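Have a look at the structure below before the remarks.
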Amino acid sequence: MSASELSTCAACGKGGDNLKACAACKMVKYCKVTCQKAHRPKHIKQCKKRAAEIFDEALFKTPPPKDECPICCLPLPLKEEEKKYQPCCGKMICLGCVYSDIIAGRSIEWICPFCRAPLESSHEEEIDRLQKRIEAGDATAMHTLGCRYSDGDGVTQDYNKALELWHQAANLSCTKSHGNIGTAYYSGEGVEKDIKKARSHWDRAAMGGDVLARHILGVFEGKAGNMNRAMKHFMISAAYGYDDS
């Protein structure tokens, strides 16, 4: 890519400060929409190739490190059943720290090991706390309540409500919600089945560090015969601690 391609319109050759780069490939610039449309037949093949390269660079980039338990400062477990979201304070805590006070005899009642608030005594109290966290813009609370609606855990099962909450959380960069939305589109649970949308959400989940979504993408690539891409996905998720990869 030459400097002139970035300083002049790719279609008419005009320069200026108001040139806008091609949104997909960033390789060329245009002075107006009509120039972009006129140049598209010449540019589209190169544009698609570079856009795919940019996407793969983001997709196969090393994911962000695991979140840490705010008490023991160790990486949180990958398995959902080995950690717990605390709606009293909005912290995700490993079960080792959740049970540590009782096991060590430091407390005779169940309290949050982080904020020391009494744990919820009923589903209703937990849902109320989750709603308050949601009102505060907590994406993890949105995701957690969405899972409750999906499973019918403490609330009436409602896939539409689950998806609504997951979409809200995904818009706040909750990778787990992207993964769940992808699974919903793949299975057709609560939405019309759409493999393209499922892959799109799994892609975003994988980029954010969701190893299950990353593993699923590897499986899809393997079934499609793209073993090089499949191995890249499996190696990333395995390095992250996902044993199935």
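Everything numeric in this text was worked out from a predicted model, so none of it was measured. Sequential numbering from 1 along the given sequence is applied to the chain's residues. Below, each value reflects all heavy atoms present in this structure, side chains not excepted, and no hydrogens, waters or symmetry copies.
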Carefully, step by step, assess E57 and K61 under the rule salt bridge (charged side-chain N to carboxylate O under 4.0 Å, His left out).
CA-CA 6 Å; E57 287 169 6; K61 184 179 178 181; over 6 Å; no

Check step by step if side-chain contact (heavy atoms from CB on, under 4.5 Å) holds for D138 and M142.
CA-CA 7 Å; D138 187 331; M142 297 170 192; 6.0 Å; no

What's the verdict on side-chain contact (heavy atoms from CB on, under 4.5 Å) for T62 and I236, showing C-alpha distance, side-chain angles and the deciding distance?
CA-CA 7 Å; T62 301; I236 292 172; over 6 Å; no

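A heavy-atom distance below 4.5 Å is not found between the side chains of F114 and C97. With a 4.5 Å cut-off on side-chain heavy atoms, R214 and L59 count as touching. Contact of the H123 side chain with the D153 side chain is registered, since non-hydrogen atoms from C-beta on lie closer than 4.5 Å. Taking 4.5 Å as the limit, some side-chain heavy atom of V191 sits within range of a side-chain heavy atom of L163. Side chains of F55 and M207 form a contact here, defined as non-hydrogen atoms less than 4.5 Å apart. At least one side-chain heavy atom of C9 sits under 4.5 Å from a side-chain heavy atom of L19. H43 has its side chain within reach of C22: a pair of non-hydrogen atoms, C-beta onward, lies under 4.5 Å apart. Two residues are said to be in side-chain contact when any heavy atoms from C-beta on lie closer than 4.5 Å; F60 and H233 meet this criterion.
Of the listed residues (E68, K83, K84), just one forms a side-chain contact (heavy atoms from CB on, under 4.5 Å) with M92, and that residue is K83.
Note that CD1 of I93 is 9.0 Å distant from OG of S100, once rounded to the nearest 0.5 Å. To the nearest 0.5 Å, atoms OG (S150) and CG (N160) are separated by 11.0 Å.
I44 and V28 are members of different hydrophobic clusters when ILVMFWY side chains are connected at heavy-atom separations under 4.5 Å.
Relative ring orientation between F220 and W202 is described as tilted, the plane-to-plane angle lying within the 30° to 60° band. Ring planes of H215 and F234: tilted class, angle from 30 to 60°. Ring geometry for H201 versus Y185: interplanar angle under 30°, hence parallel rather than tilted (30 to 60°).
If you check the side chains of R148 and T144, you find no donor sitting under 3.5 Å from an acceptor.
Across all non-hydrogen atoms, the minimal contact from G209 to T175 is N-CG2, 4.5 Å. H39 approaches A11 most closely through the heavy-atom pair CB-CB, 4.0 Å.
Judged by the 6.0 Å distance and 45° axis criteria, K91 is not positioned over the aromatic ring of Y85.
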